[in-house]
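First comes the structure, then the notes that go with it.
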Protein chains: 2
Amino acid sequence: MTHGLMCSQPFVYSELVQRLKKSGLRPTRQRVILANILFGRGARHLTAEQLHREVRDNALRISLATVYNTLNQFVDAGLLREIQGQGQQTYFDTRTEDHFHFVLPQNGGLVDFPAHGVDFAKLPALPPGTEIDRVEVTIHLKPLGKA
Amino acid sequence: MTHGLMCSQPFVYSELVQRLKKSGLRPTRQRVILANILFGRGARHLTAEQLHREVRDNALRISLATVYNTLNQFVDAGLLREIQGQGQQTYFDTRTEDHFHFVLPQNGGLVDFPAHGVDFAKLPALPPGTEIDRVEVTIHLKPLGKA
DNA sequence: GTGGTTGCAAACCCTTTGCATAGAC
DNA sequence: GTCTATGCAAAGGGTTTGCAACCAC
């Protein structure tokens, strides 16, 4: 089993291929590379641009359009979650299990915290004919002591 | 007290001017018109585009660029709050007091619910050197009974 | 009069799309 | 061989910016 990417976790090719196939996605060269970067390490909140740069940092090249398309396919397949940050660029979150986010004061960066960090004593009455799909909690932070 | 805009609430010119001045903004024609639309009625979540259309619906005209610039000035002044919807367009919320949002299943539209609709039994430990600025709760809804 | 504000158009950024080529099965 | 995925460049949508004319004080 050879692999051309340096990464903290081993490139388990067959595992990634399996995961893609199970999601109904052909395991093309590009999708395997992107899946490896996304799921092979601990990376969390990536923009398409950042992911594209990581590809190039590994001396590979995939067009930015394909990065975008692939990210959207992964979202549709439930492998990724889309989150809207502060600016108008979309972040893609490799965690699909329930969790929430801190927004850091300095740079607007996102930090995860687990779902069990929050407990609701009460939730509001819902509009008729609806139920909760999911609840999003985002805690905006500020530096201690500042107004 | 005359006013050129049809709206459900009276155009209290001096009140709007006062509010703008207090925020350090010159009460220009354009800012007063926009403030009147934003704060004179019960409007809630507007995009720049929607606000621009409302201006034209009142037989007035303000350039879209000025609408954008004014909205950003109002946000900086604390008169509005910026919220990121589902797409990549920014919504501006005329409520600055604490409240949260439902995201409707049909169209991704936003509906307010008051802050007292939620109670937290528990909040997570914060990163060192930070405190909570504000907590955002967004409840994504789905049609009853659908997966 | 002075300095902030507006309007227009062009620029900008992020993202998607059309179409020919390349690749998976 | 067939059908899907990719790459490129161009288009697209939303938002910001540069600069001359304009307006509030």
Side-chain angles (χ1 to χ4, degrees), chain A residues 13-14 16-38 45-56 60-77 79-80 82-93 108, chain B residues 13-14 16-37 45-56 60-77 79-93 108:
Chain A
Y13 178 80
S14 58
L16 289 173
V17 169
Q18 223 43 48
R19 191 162 181 187
L20 290 172
K21 279 188 176 169
K22 217 179 299 179
S23 303
L25 295 169
R26 283 193 186 172
T28 64
R29 188 183 75 91
Q30 291 83 343
R31 296 212 263 236
V32 173
I33 290 172
L34 293 175
N36 182 51
I37 295 178
L38 289 167
H45 314 109
L46 287 166
T47 63
E49 203 74 53
Q50 290 168 348
L51 180 54
H52 190 230
R53 184 169 311 114
E54 281 204 40
V55 172
R56 307 188 80 109
L60 298 167
R61 56 181 313 295
I62 299 177
S63 79
L64 184 56
T66 297
V67 172
Y68 271 104
N69 292 337
T70 303
L71 284 169
N72 286 333
Q73 290 154 2
F74 283 10
V75 169
D76 290 344
L79 299 173
L80 291 177
E82 210 172 334
I83 44 182
Q84 300 296 353
Q86 294 308 78
Q88 56 274 3
Q89 61 189 4
T90 305
Y91 283 79
F92 294 89
D93 195 331
Chain B
Y13 179 81
S14 58
L16 289 173
V17 169
Q18 223 43 50
R19 192 162 180 185
L20 291 172
K21 280 187 176 169
K22 217 179 299 177
S23 302
L25 296 168
R26 281 193 188 172
T28 63
R29 189 183 76 90
Q30 290 84 343
R31 297 211 263 235
V32 173
I33 291 171
L34 294 174
N36 183 51
I37 295 178
H45 315 108
L46 287 165
T47 62
E49 203 72 54
Q50 290 168 347
L51 180 54
H52 190 231
R53 185 169 311 113
E54 281 204 41
V55 172
R56 307 189 79 110
L60 297 167
R61 56 181 312 294
I62 299 178
S63 79
L64 183 57
T66 297
V67 172
Y68 272 106
N69 291 336
T70 303
L71 283 169
N72 287 332
Q73 290 154 1
F74 283 10
V75 169
D76 291 344
L79 299 173
L80 290 176
R81 184 176 289 180
E82 208 173 337
I83 44 183
Q84 300 295 355
Q86 293 309 78
Q88 56 273 4
Q89 63 189 4
T90 305
Y91 283 80
F92 295 88
D93 194 331

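Note on naming: letters A, B, ... go to the chains in the order of the sequence lines (proteins, then strands), and numbering restarts at 1 for each one. Just so we're clear, the structure is a prediction, and the values are computed from it rather than from any experiment.
- Separation of atoms CD (B/Gln88) and CD (A/Gln84) is listed at 7.5 Å; rounding is to 0.5 Å.
- A/Phe92 pairs by the side-chain contact (heavy atoms from CB on, under 4.5 Å) definition with A/Leu71, A/Asn72, A/Val75, A/Leu80, A/Glu82, A/Thr90, not counting sequence neighbours.
- A close approach under 4.0 Å does occur between a side-chain nitrogen or oxygen of A/Arg31 and OP1 or OP2 of D/dA5.
- In this structure, B/Gln18 has no side-chain contact (heavy atoms from CB on, under 4.5 Å) partners at least two apart in sequence or on a different chain.
- Proximity of A/Leu51 to A/Tyr68: side-chain heavy atoms (C-beta onward) are nowhere separated by under 4.5 Å.
- Note on the helix from C/dG1-D/dC25 to C/dC25-D/dG1: angle between the axes of the first and last five pairs equals 30°, rounded to 10 degrees.
- In this model, the phosphate group of C/dG7 is approached by a side-chain N or O of B/Gln30 to a distance below 4.0 Å at OP1 or OP2.
- Residue A/Arg61 has a polar side-chain atom (N or O) positioned under 4.0 Å from OP1 or OP2 of D/dC8.
- Positionally, the nearest nucleotide of DNA chain D for A/Leu25 lies more toward the 5' end than for the other of A/Leu25 and B/Pro27.
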Check step by step if side chain to side chain contact (heavy atoms under 4.5 Å, CB included) holds for A/Leu64 and A/Glu49. CA-CA 7 Å; A/Leu64 184 56; A/Glu49 203 74 53; 4.1 Å; yes

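- With sequence neighbours left out, B/His45 forms a side-chain contact (heavy atoms from CB on, under 4.5 Å) with B/Ile83, B/Tyr91, B/Asp93, B/His101, B/Leu110, B/Asp112.
- Between A/Ile62 atom CD1 and C/dA22 atom P there is a gap of 18 Å when expressed in whole angstrom units.
- As rounded to whole Å, 15 Å separates atom C1' of D/dA5 from atom CG of A/Leu71.
- As a whole-Å value, the separation of A/Leu60 CG from D/dT6 C1' is 15 Å.
- The line from CD1 of A/Ile37 to CD1 of A/Ile62 is 7.0 Å long, rounded to the nearest 0.5 Å.
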Polar pairs (N or O, both sides) under 3.5 Å between protein and nucleotides 12-17 of chain D?
from: D/dG14; atom 1: OP1; to: B/Gln89; atom 2: OE1; distance (Å): 3.2
from: D/dT15; atom 1: OP1; to: B/Thr90; atom 2: N; distance (Å): 2.7
from: D/dT15; atom 1: OP1; to: B/Thr90; atom 2: OG1; distance (Å): 3.1
from: D/dT15; atom 1: OP2; to: B/Tyr68; atom 2: OH; distance (Å): 2.3
from: D/dT15; atom 1: O5'; to: B/Tyr68; atom 2: OH; distance (Å): 3.3
from: D/dT16; atom 1: OP2; to: B/Asn72; atom 2: ND2; distance (Å): 2.9

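- B/Lys21 places its NZ atom 12 Å from the P atom of D/dA24, with the value rounded to the nearest Å.
- If you take NE2 of A/His52 and P of C/dT16, they are 15 Å apart, rounded to a whole angstrom.
- Contact check, B/Thr66 against C/dG7: a side-chain N or O comes under 4.0 Å of OP1 or OP2.
- Among pairs with a residue in residues 23-32 of chain B, those fulfilling side chain to side chain donor-acceptor pair (under 3.5 Å) read B/Arg31-B/Gln73, at least two apart in sequence or across chains.
- Rounded to whole Å, atom P of C/dC25 lies 10 Å from atom CG of A/Leu20.
- A/His52 contributes no side-chain N or O that, together with a main-chain N or O of A/Ser63, makes up a donor-acceptor pair within less than 3.5 Å.
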